[in-house]
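Since the model is a prediction, treat every value here as computed from it, not as a measurement.
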Amino acid sequence: MIEDLEFAAAFPRATRDDWLAQVERALKGADFEKKLVSRSREGIVLQPLYGKAEANRPPLGRAEAGPWQVMQRMEHPEPAEANRLALADLEGGASGLVLALAGSATARGFGLVLADADSLAKALSGVLLELVRIRLETAPFDGRRVATIVAEHVARRGLPASGLDIDFGLDPVGDFARTGRLPLAWPELAARLTGTVADLRARGFAHGLLRVDTRAWHEAGAGPAQELAAALATGILYLRVLEAAGITPEEAAPLLSFLMPADADAFFTLAKFRALRRLWGRVEEACGLAPRPIRLDAETAWRMATKRDPWVNMLRATVATFAGALGGADGITVLPFTAALGLPDGFARRMARNTQLILAEESNLWRVIDPAAGSGAFEALTEALCEKSWSLFQAIEREGGILASLAAGHEQARIAETRGKARRDIATRKAPITGTSEFPHLGEAPVAVLMPTPAEAGPTLPAEAVQEAEPLPSTRDAEPFEALRDSSDDALARSGRRPSVFLANLGPLAAFTARATFARNFFEAGGIEAVTNDGFPSLEALTTAFRASGATLACLCSSDEVYAREAAAAAKALRAAGARRLYLAGRPGELEAALRDSGISDYIFIGCDALGLLSQAFAEATDEGA
């Protein structure tokens, strides 16, 4: 090893200019900015290469040394069954429980029914609260009632509140964002909030009373900088409310906990978690405090979960957990891979916790504090997120704060713009969803859940509201493609067959295989079954096979050279044979006029509007297009 280092030292050190010179030769005159520099949906510049970070910053570590806490959700409606599942989780390695209560947005139509302290006692029977962290997720504006029940339960057990790790999660801003309704005027609601805080503090609970939660923003399509800005604005509002009630910033700091989603964009997720710690440190400095590590939890993102090929959710969750762990999350909740389908069973729950246990105990991800520190790419991305989110936070403050911004629709408009960009990327498959928009499997077997998701799966709305606004929508990225697949399943159930497209493979096998494979994946992502073949010796054989397929759509597949010789004639023959609509796999190029005249109306290729074309094709292949 020493000899290798000495040998390497004999060569001159490569510089960025050296690298750029090589890049210029490789690009052959192409624009460097257009080819190699990209931008996020929020306009953050991403360079192709970063050097070592120059500035030496202190590491951004967890609030407590050691592994992060493995959190598991309790969302079964029956307290006894919820308890059975929770005990299995704890015995299997979980160190904390998330009580997702009935009516909460994150329970997705399920949720533990918590009527009183007796039902909580059933749910937590055998759970050692002295050793297990508890995080509460309540129905909107129901935190005061739940906090009273929890405090009563703790008192019944005779446990000292100061020694327990219970995150009450009072979050009226998040409740307003999700529901678009405030049950009381803000001054009254703030007074009720501080009254609950005062009561809990008097009972000995000293941290985790209020929660800054950005999941509603992420589910609505917000970018990471918009999430961070909302977190800052929300956290500062809570500090102001507490200060008005006589609680100093130093006393208030431990009363706040933070929760952000982690998704499969590992780079931005890792940088987002680092950025929040850095940004909140700036807030604490502005309050005259020495920055201290915040309690920051992660949950794998609902937005990235899919119903189709749900096994792929395990891969997405692994990447998200990896990024959240390296970003310094204090606790991580992995949504079970069947969460979008219904109430997860024991197997799905076990896979959720084992995802974390393997990364923590076998990969040892927790052993290094802030492993991204010093990396040029991550330091630059973290700093860019800090700058962008601080600017957005200032805009929210100019609008009167987070509540005023939501009431006026400013936050919703900014998020809608980012969501629109994301939807375009999903529709064109620039942002592919494996198992859904890419590599679909029409014949996939159903996956077991304890209960399917009910039709009405939103949060419980306040009975009355003194102020209303547009609620932030809760969406999953895969929903548009899943809707087509659901319609395809309905057609199969009704008629015994799915809508289909005939692949008109032209020329030799080597000429059409690549584009036929592409076309099959393309159409089946929309639930349209592809009828494929090994090519045809004549136009008569082609049209005979088309009629026999029962399809009303056809897609020509081959190489550009074969298209030039055979596409126009094949298209005319298929039209004459009854094809309702003709597609061609690839770009038309110079043949576009001739192909159009022969009856080809649409082209499928990488970067086309896949969702739009599939929706149109589905309508054409069913009675809607007749």
Side-chain angles (χ1 to χ4, degrees), residues 427-430 432 437-440 442 481 484 488 498-622 624-625:
T428 60
R429 303 196 297 179
K430 181 180 178 181
S437 67
E438 293 277 11
F439 310 112
L442 288 184
F481 284 95
L484 290 173
S488 176
R498 298 181 186 278
S500 59
V501 59
F502 177 79
L503 301 188
N505 296 327
L506 308 178
L509 190 68
F512 65 72
T513 296
R515 280 177 170 161
T517 301
F518 171 83
R520 178 176 181 173
N521 284 327
F522 180 92
F523 284 105
E524 293 194 349
I528 302 170
E529 187 173 8
V531 181
T532 190
N533 47 73
D534 293 330
F536 306 95
S538 65
L539 287 179
E540 183 180 358
L542 172 67
T543 54
T544 299
F546 169 71
R547 291 190 186 98
S549 73
T552 57
L553 310 178
C555 179
L556 277 64
C557 304
S558 196
S559 64
D560 292 345
E561 293 78 10
V562 174
Y563 285 155
R565 295 194 310 268
E566 304 179 21
K572 290 177 181 177
L574 289 166
R575 275 291 190 187
R580 185 180 293 166
R581 198 172 193 91
L582 288 178
Y583 299 84
L584 182 138
R587 297 178 184 269
E590 296 177 355
L591 300 174
E592 183 170 10
L595 294 174
R596 183 173 58 248
D597 292 341
S598 67
I600 294 174
S601 53
D602 296 290
Y603 306 91
I604 63 172
F605 50 85
I606 295 174
C608 70
D609 181 5
L611 187 60
L613 286 170
L614 288 171
S615 299
Q616 177 193 65
F618 195 96
E620 289 282 356
T622 58
E624 297 174 47

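Rounding to the nearest 0.5 Å gives a distance of 8.0 Å between CG of Leu556 and OG of Ser598. For the atom pair Arg596 CZ and Leu584 CG, the distance stands at 13.5 Å (nearest 0.5 Å). In this structure, CG in Leu542 is found 9.0 Å from CG in Asn505, a value given to the nearest 0.5 Å. Taking OG1 of Thr532 as the start and CZ of Phe502 as the end, the distance is 8.5 Å to the nearest 0.5 Å. For the atom pair Ser488 OG and Leu614 CG, the distance stands at 11.0 Å (nearest 0.5 Å). Taking NZ from Lys430 and CD1 from Ile606, the interatomic distance works out to 14.0 Å, rounded to the nearest 0.5 Å.
With sequence neighbours excluded, no residue forms a ring-ring contact (aromatic ring centres under 6.0 Å, His included) with Phe512. Taking the salt bridge (Lys or Arg N to Asp or Glu O under 4.0 Å) definition, one finds that Glu438 meets it with Arg429, sequence neighbours left out. Evaluation of the side chain to side chain contact (heavy atoms under 4.5 Å, CB included) rule for Asp602 yields Arg581, Tyr583, Leu613, Gln616 as partners, not counting sequence neighbours. Considering only residues two or more places apart in sequence or on other chains, Asp609 meets the salt bridge (Lys or Arg N to Asp or Glu O under 4.0 Å) condition with none of them. Partners of Glu529 under the salt bridge (Lys or Arg N to Asp or Glu O under 4.0 Å) rule, at least two apart in sequence or in another chain, do not exist in this structure.
Side-chain contact between Cys608 and Phe522 is present, with at least one heavy-atom pair separated by less than 4.5 Å. Asp560 places none of its side-chain heavy atoms less than 4.5 Å from the side chain of Glu590.
Between the side chain of Thr543 and the backbone N or O of Leu539, at least one donor-acceptor pair lies under 3.5 Å. A donor-acceptor pair under 3.5 Å is absent between the side-chain atoms of Arg498 and the main chain of Ile528, judged by distance alone. Although no hydrogens or angles enter the test, the distance criterion places a donor-acceptor pair under 3.5 Å between the side chain of Asn533 and the main chain of Leu503. Tyr563 contributes no side-chain N or O that, together with a main-chain N or O of Leu595, makes up a donor-acceptor pair within less than 3.5 Å.
Residue Phe605 places its CZ atom among more than 12 non-hydrogen atoms of other residues, nucleotides or ligands, all under 6.0 Å distant.
Listed here is the closest heavy atom pair of Cys555 and Ile604: SG-CD1, 4.0 Å. Residues Pro499 and Phe618 share a closest heavy-atom pair of CG-CE1, 3.5 Å. Between Phe536 and Ala541, the closest heavy-atom pair is CD2-O, 3.7 Å. Ser500 and Val531 get closest at one heavy-atom pair: CB-CG2, 4.2 Å.
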List the atom pairs, with distances to 0.1 Å, where a side-chain N or O of residues 566-579 and a protein N or O form a donor-acceptor pair under 3.5 Å, not counting sequence neighbours.
from   : atom 1 : to     : atom 2 : distance (Å)
Arg575 : NE     : Gly599 : O      : 3.3
Arg575 : NH1    : Ala579 : O      : 3.2
Arg575 : NH1    : Arg580 : O      : 2.9
Arg575 : NH2    : Gly599 : O      : 3.1

